[in-house]
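Shown next, in C-alpha coordinates, is the structure this report addresses.
One-based numbering, in listed order, for ligands and for the atoms of each.
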Amino acid sequence: MNQSTLAGAVRFDGVGLHTGAPASVEIQPAAVDFGVQFVLGETLVAAHADNVVDTSRATVLGDGRKRLSTVEHVLSALFGMEVTNARVVVDGEEIPVVDGSAQAFADAFAAVGVVSQPAPAWQLELAEPFEVRDDGSALVLLPSDALRIRFVADFPQPIGLQYLDVRVDAQSYRGCIAPARTFGYLHEVEALRARGLALGGTLENALVFSPSGPMQELRWPDEVVRHKVLDLLGDIALLGPRLRCEIIAIKSGHALHVRAMRELRARYVRDAGGALQALGARTNE
Ligand SMILES: [Zn+2]
(Lines give C-alpha, C1' and ligand atoms only; values in the text may rest on other atoms or scores of the structure.)
Protein backbone atom coordinates (compact mmCIF):
# COMPACT_ATOMS: atom_id res chain seq x y z
CA MET A 1 0.00 0.00 0.00
CA ASN A 2 1.27 3.46 -0.93
CA GLN A 3 0.79 6.73 0.92
CA SER A 4 -2.21 8.70 -0.28
CA THR A 5 -3.92 12.05 0.04
CA LEU A 6 -7.06 13.84 -1.13
CA ALA A 7 -7.25 15.17 -4.70
CA GLY A 8 -8.73 18.43 -3.36
CA ALA A 9 -9.88 20.13 -0.18
CA VAL A 10 -13.23 19.43 1.49
CA ARG A 11 -14.91 21.68 4.05
CA PHE A 12 -17.54 21.22 6.76
CA ASP A 13 -19.28 23.88 8.81
CA GLY A 14 -21.47 23.13 11.79
CA VAL A 15 -21.44 23.04 15.56
CA GLY A 16 -19.39 21.08 18.09
CA LEU A 17 -21.28 18.24 19.78
CA HIS A 18 -19.93 19.11 23.22
CA THR A 19 -19.31 22.87 23.06
CA GLY A 20 -22.38 23.69 20.97
CA ALA A 21 -20.24 26.46 19.45
CA PRO A 22 -19.80 27.06 15.72
CA ALA A 23 -17.02 24.92 14.30
CA SER A 24 -15.59 24.37 10.85
CA VAL A 25 -12.93 22.15 9.39
CA GLU A 26 -11.20 21.99 6.02
CA ILE A 27 -9.35 18.81 5.14
CA GLN A 28 -6.62 19.59 2.60
CA PRO A 29 -4.19 17.50 0.55
CA ALA A 30 -0.71 17.06 2.07
CA ALA A 31 2.71 15.91 0.87
CA VAL A 32 4.35 12.52 1.35
CA ASP A 33 5.36 11.82 5.00
CA PHE A 34 3.20 14.69 6.35
CA GLY A 35 0.87 12.23 8.06
CA VAL A 36 -2.29 13.68 9.55
CA GLN A 37 -1.80 16.98 11.35
CA PHE A 38 -4.30 19.46 12.73
CA VAL A 39 -3.70 23.14 12.07
CA LEU A 40 -4.96 25.26 14.97
CA GLY A 41 -4.08 28.83 14.06
CA GLU A 42 -0.28 28.93 14.15
CA THR A 43 -0.02 25.58 15.89
CA LEU A 44 0.39 22.17 14.25
CA VAL A 45 -0.70 19.17 16.31
CA ALA A 46 0.06 15.72 14.90
CA ALA A 47 -2.63 13.06 15.18
CA HIS A 48 -0.58 10.96 17.60
CA ALA A 49 -1.61 9.30 20.84
CA ASP A 50 1.18 11.23 22.62
CA ASN A 51 -0.78 14.44 21.93
CA VAL A 52 -4.05 13.21 23.50
CA VAL A 53 -4.91 15.30 26.56
CA ASP A 54 -8.40 13.97 27.45
CA THR A 55 -10.58 10.94 26.66
CA SER A 56 -13.41 11.36 29.16
CA ARG A 57 -16.13 11.69 26.54
CA ALA A 58 -14.41 12.39 23.22
CA THR A 59 -10.79 12.24 22.12
CA VAL A 60 -9.13 15.61 22.73
CA LEU A 61 -5.75 16.58 21.25
CA GLY A 62 -3.60 19.44 22.47
CA ASP A 63 -0.12 20.86 22.76
CA GLY A 64 -0.39 22.40 26.24
CA ARG A 65 -1.83 25.69 24.99
CA LYS A 66 -4.44 24.76 22.36
CA ARG A 67 -7.04 21.99 22.58
CA LEU A 68 -9.14 20.35 19.91
CA SER A 69 -12.02 18.09 20.87
CA THR A 70 -13.86 15.25 19.13
CA VAL A 71 -11.19 14.37 16.58
CA GLU A 72 -12.15 10.69 16.42
CA HIS A 73 -14.76 10.79 13.65
CA VAL A 74 -12.73 12.72 11.09
CA LEU A 75 -9.66 10.60 11.94
CA SER A 76 -11.77 7.47 11.55
CA ALA A 77 -12.93 8.61 8.10
CA LEU A 78 -9.35 9.39 6.99
CA PHE A 79 -8.15 6.01 8.25
CA GLY A 80 -11.17 4.11 6.89
CA MET A 81 -10.91 5.72 3.45
CA GLU A 82 -7.15 5.00 3.44
CA VAL A 83 -5.96 8.63 3.35
CA THR A 84 -2.53 8.74 5.01
CA ASN A 85 -1.56 12.42 4.48
CA ALA A 86 -3.88 15.33 5.26
CA ARG A 87 -3.74 18.86 6.67
CA VAL A 88 -6.82 19.35 8.82
CA VAL A 89 -7.38 23.07 9.28
CA VAL A 90 -9.76 23.78 12.15
CA ASP A 91 -11.63 26.91 13.14
CA GLY A 92 -13.03 26.42 16.65
CA GLU A 93 -12.23 24.08 19.52
CA GLU A 94 -14.07 21.05 18.22
CA ILE A 95 -14.57 19.24 14.91
CA PRO A 96 -18.17 19.84 13.66
CA VAL A 97 -20.42 16.93 14.63
CA VAL A 98 -22.32 16.87 11.28
CA ASP A 99 -24.85 14.02 11.74
CA GLY A 100 -22.94 12.24 14.53
CA SER A 101 -21.39 9.73 12.14
CA ALA A 102 -18.44 9.77 9.70
CA GLN A 103 -20.58 9.32 6.60
CA ALA A 104 -20.36 12.92 5.34
CA PHE A 105 -16.55 12.87 5.70
CA ALA A 106 -16.21 9.49 3.97
CA ASP A 107 -18.58 10.49 1.14
CA ALA A 108 -16.76 13.79 0.61
CA PHE A 109 -13.37 12.05 0.48
CA ALA A 110 -14.72 9.57 -2.07
CA ALA A 111 -16.30 12.38 -4.13
CA VAL A 112 -13.15 14.56 -4.26
CA GLY A 113 -10.96 11.49 -4.79
CA VAL A 114 -8.15 9.75 -2.92
CA VAL A 115 -4.87 9.77 -4.86
CA SER A 116 -1.91 7.46 -4.42
CA GLN A 117 1.49 9.05 -3.72
CA PRO A 118 4.88 7.68 -4.78
CA ALA A 119 6.05 6.36 -1.39
CA PRO A 120 5.14 3.28 0.63
CA ALA A 121 2.70 3.82 3.50
CA TRP A 122 4.12 3.37 6.98
CA GLN A 123 2.44 0.32 8.44
CA LEU A 124 2.94 -1.52 11.68
CA GLU A 125 2.44 -5.25 11.41
CA LEU A 126 2.78 -6.92 14.79
CA ALA A 127 5.20 -9.81 15.20
CA GLU A 128 3.62 -10.92 18.49
CA PRO A 129 0.29 -10.48 20.33
CA PHE A 130 -0.27 -7.32 22.35
CA GLU A 131 -3.02 -6.59 24.84
CA VAL A 132 -4.22 -4.00 27.29
CA ARG A 133 -6.94 -4.48 29.88
CA ASP A 134 -8.93 -2.36 32.22
CA ASP A 135 -11.71 -3.16 34.65
CA GLY A 136 -13.89 -5.50 32.52
CA SER A 137 -12.64 -4.28 29.14
CA ALA A 138 -9.85 -5.51 26.91
CA LEU A 139 -8.15 -4.76 23.62
CA VAL A 140 -6.23 -7.68 22.12
CA LEU A 141 -4.13 -7.29 18.97
CA LEU A 142 -3.03 -10.40 17.10
CA PRO A 143 -0.54 -10.64 14.21
CA SER A 144 -2.26 -10.67 10.82
CA ASP A 145 -1.59 -9.24 7.37
CA ALA A 146 -5.04 -7.62 7.17
CA LEU A 147 -7.06 -5.41 9.49
CA ARG A 148 -9.99 -7.33 10.98
CA ILE A 149 -11.97 -6.12 13.98
CA ARG A 150 -14.21 -8.16 16.23
CA PHE A 151 -15.98 -5.89 18.70
CA VAL A 152 -18.14 -6.92 21.65
CA ALA A 153 -20.21 -4.05 23.05
CA ASP A 154 -22.39 -4.49 26.13
CA PHE A 155 -24.42 -1.51 27.30
CA PRO A 156 -27.33 -1.20 29.72
CA GLN A 157 -30.79 -1.76 28.24
CA PRO A 158 -32.29 -0.96 25.85
CA ILE A 159 -29.00 -1.35 23.88
CA GLY A 160 -27.76 -4.63 25.37
CA LEU A 161 -25.14 -6.94 23.84
CA GLN A 162 -23.97 -6.32 20.25
CA TYR A 163 -21.19 -7.96 18.23
CA LEU A 164 -19.57 -7.02 14.93
CA ASP A 165 -16.92 -8.84 12.90
CA VAL A 166 -15.56 -6.80 9.99
CA ARG A 167 -12.56 -6.77 7.67
CA VAL A 168 -11.75 -3.10 7.27
CA ASP A 169 -11.12 -1.61 3.83
CA ALA A 170 -12.45 1.53 2.14
CA GLN A 171 -15.48 -0.32 0.78
CA SER A 172 -16.55 -1.99 4.04
CA TYR A 173 -15.79 1.22 5.94
CA ARG A 174 -18.06 3.36 3.78
CA GLY A 175 -20.82 0.77 3.55
CA CYS A 176 -20.89 -0.76 7.04
CA ILE A 177 -19.24 1.59 9.52
CA ALA A 178 -19.13 5.28 8.49
CA PRO A 179 -22.92 5.91 8.69
CA ALA A 180 -23.24 4.66 12.31
CA ARG A 181 -24.06 7.57 14.62
CA THR A 182 -22.77 8.51 18.03
CA PHE A 183 -25.24 7.50 20.74
CA GLY A 184 -26.31 8.12 24.29
CA TYR A 185 -29.08 7.69 26.83
CA LEU A 186 -31.78 10.25 27.44
CA HIS A 187 -31.05 10.24 31.19
CA GLU A 188 -27.36 10.98 30.49
CA VAL A 189 -28.07 14.13 28.53
CA GLU A 190 -28.87 16.18 31.64
CA ALA A 191 -25.76 14.97 33.45
CA LEU A 192 -23.53 15.71 30.44
CA ARG A 193 -24.98 19.20 30.08
CA ALA A 194 -24.35 19.88 33.77
CA ARG A 195 -20.67 19.10 33.04
CA GLY A 196 -20.76 21.45 30.04
CA LEU A 197 -20.78 18.57 27.52
CA ALA A 198 -23.18 17.60 24.71
CA LEU A 199 -24.33 21.24 24.46
CA GLY A 200 -24.63 20.86 20.68
CA GLY A 201 -26.37 17.47 20.87
CA THR A 202 -29.75 17.14 19.15
CA LEU A 203 -31.80 14.32 17.70
CA GLU A 204 -30.27 15.28 14.33
CA ASN A 205 -26.69 14.51 15.38
CA ALA A 206 -26.85 11.78 18.00
CA LEU A 207 -28.80 8.57 18.45
CA VAL A 208 -30.65 8.81 21.75
CA PHE A 209 -32.05 5.85 23.69
CA SER A 210 -34.96 6.30 26.10
CA PRO A 211 -35.90 3.44 28.47
CA SER A 212 -38.33 2.13 25.84
CA GLY A 213 -35.86 2.16 22.93
CA PRO A 214 -34.23 4.38 20.31
CA MET A 215 -35.91 7.78 19.78
CA GLN A 216 -34.99 7.79 16.09
CA GLU A 217 -35.07 5.17 13.39
CA LEU A 218 -31.92 3.02 13.55
CA ARG A 219 -29.72 2.73 10.46
CA TRP A 220 -28.96 -0.89 11.50
CA PRO A 221 -30.24 -2.92 14.48
CA ASP A 222 -26.58 -3.02 15.66
CA GLU A 223 -25.77 0.61 14.88
CA VAL A 224 -24.20 1.07 18.34
CA VAL A 225 -21.43 -1.51 17.89
CA ARG A 226 -20.78 -0.20 14.39
CA HIS A 227 -20.21 3.24 15.91
CA LYS A 228 -17.88 1.66 18.49
CA VAL A 229 -15.82 0.28 15.58
CA LEU A 230 -15.90 3.72 13.92
CA ASP A 231 -14.51 5.26 17.12
CA LEU A 232 -11.89 2.51 17.50
CA LEU A 233 -10.60 3.21 13.98
CA GLY A 234 -10.32 6.91 14.86
CA ASP A 235 -8.29 5.96 17.92
CA ILE A 236 -5.96 3.48 16.16
CA ALA A 237 -5.28 6.25 13.62
CA LEU A 238 -3.42 7.88 16.54
CA LEU A 239 -0.68 5.26 16.26
CA GLY A 240 0.87 7.16 13.32
CA PRO A 241 1.76 4.22 11.06
CA ARG A 242 -1.25 2.24 9.86
CA LEU A 243 -1.92 -0.67 12.18
CA ARG A 244 -2.34 -3.97 10.39
CA CYS A 245 -3.50 -6.78 12.70
CA GLU A 246 -6.54 -8.57 14.04
CA ILE A 247 -8.24 -6.68 16.84
CA ILE A 248 -10.50 -8.19 19.46
CA ALA A 249 -12.16 -5.37 21.41
CA ILE A 250 -14.27 -6.20 24.44
CA LYS A 251 -16.27 -3.31 25.89
CA SER A 252 -13.36 -0.97 25.20
CA GLY A 253 -13.46 2.80 24.75
CA HIS A 254 -11.32 5.81 23.94
CA ALA A 255 -9.22 5.68 27.14
CA LEU A 256 -8.13 2.06 26.66
CA HIS A 257 -7.60 2.50 22.91
CA VAL A 258 -5.40 5.55 23.42
CA ARG A 259 -3.43 3.80 26.17
CA ALA A 260 -2.75 0.93 23.77
CA MET A 261 -1.60 3.29 21.01
CA ARG A 262 0.69 5.12 23.46
CA GLU A 263 2.27 1.84 24.55
CA LEU A 264 2.70 0.69 20.94
CA ARG A 265 4.24 4.04 20.00
CA ALA A 266 6.66 3.84 22.91
CA ARG A 267 7.63 0.34 21.87
CA TYR A 268 7.71 0.58 18.09
CA VAL A 269 7.46 4.10 16.71
CA ARG A 270 9.90 6.97 16.62
CA ASP A 271 9.55 10.29 14.83
CA ALA A 272 12.86 11.06 13.18
CA GLY A 273 13.18 14.19 11.08
CA GLY A 274 9.49 14.15 10.33
CA ALA A 275 9.50 10.60 9.01
CA LEU A 276 8.24 7.72 11.07
CA GLN A 277 10.52 4.87 11.91
CA ALA A 278 9.11 1.71 13.30
CA LEU A 279 11.34 -0.26 15.61
CA GLY A 280 11.32 -3.97 16.25
CA ALA A 281 8.25 -4.83 14.21
CA ARG A 282 7.81 -5.50 10.55
CA THR A 283 6.77 -2.47 8.55
CA ASN A 284 6.08 -1.68 4.93
CA GLU A 285 5.85 -5.32 3.86
ZN1 LIG B 1 -17.94 8.50 18.26
Side-chain angles (χ1 to χ4, degrees), residues 12 14-20 23 25 27 36 38 47 49 52-61 67-81 88 90 92-109 137 139 149 151-155 159 162 164 166 168 173-174 176-186 188-189 192 195 197-209 214-216 218-220 222-238 247 249-261:
F12 296 88
V15 296
L17 176 65
H18 291 303
T19 58
V25 63
I27 302 126
V36 176
F38 291 91
V52 173
V53 294
D54 189 6
T55 54
S56 61
R57 192 71 199 182
T59 305
V60 182
L61 294 179
R67 288 165 64 91
L68 176 66
S69 183
T70 322
V71 296
E72 62 268 24
H73 297 167
V74 72
L75 286 178
S76 176
L78 287 166
F79 186 95
M81 298 303 287
V88 186
V90 182
E93 293 179 359
E94 194 172 5
I95 302 287
V97 58
V98 199
D99 73 342
S101 78
Q103 184 171 30
F105 297 126
D107 287 353
F109 299 163
S137 63
L139 190 69
I149 296 178
F151 205 117
V152 179
D154 188 9
F155 288 96
I159 297 174
Q162 297 188 2
L164 188 71
V166 62
V168 180
Y173 182 78
R174 207 170 156 209
C176 307
I177 298 167
R181 290 163 291 176
T182 196
F183 60 93
Y185 293 90
L186 189 56
E188 281 183 340
V189 175
L192 283 171
R195 287 169 57 203
L197 293 169
L199 300 175
T202 70
L203 291 177
E204 273 69 57
N205 59 30
L207 182 55
V208 180
F209 288 87
M215 296 174 71
Q216 301 106 304
L218 293 170
R219 292 178 178 171
W220 291 279
D222 61 353
E223 186 170 351
V224 164
V225 73
R226 289 171 192 253
H227 188 80
K228 293 297 294 183
V229 170
L230 186 161
D231 279 342
L232 171 60
L233 290 169
D235 290 334
I236 69 173
L238 295 165
I247 301 179
I250 299 168
K251 299 171 63 174
S252 57
H254 294 307
L256 193 66
H257 302 160
V258 170
R259 198 180 108 203
M261 294 310 115

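- Residues I95 and F38 are in side-chain contact: their nearest non-hydrogen atoms beyond the backbone lie under 4.5 Å apart.
- With waters left out, the protein N, O or S atoms under 2.8 Å from the Zn ion (ligand 1) add up to 4.
- When D54, D235, T70 are each tested for a side-chain hydrogen bond (donor to acceptor under 3.5 Å, both in side chains) with T59, only one passes: D235.
- F155 has its ring centre less than 6.0 Å from the ring centre of F183.
- Taking E188 as the reference, R57 meet the salt bridge (Lys or Arg N to Asp or Glu O under 4.0 Å) condition, with sequence neighbours excluded.
- One finds a salt bridge joining E223 and R181 here, because a Lys/Arg side-chain nitrogen approaches an Asp/Glu carboxylate oxygen to under 4.0 Å.
- Below 30°, between 30° and 60°, or above 60°: for H257 and F151 the angle between ring planes is above 60°, a perpendicular geometry.
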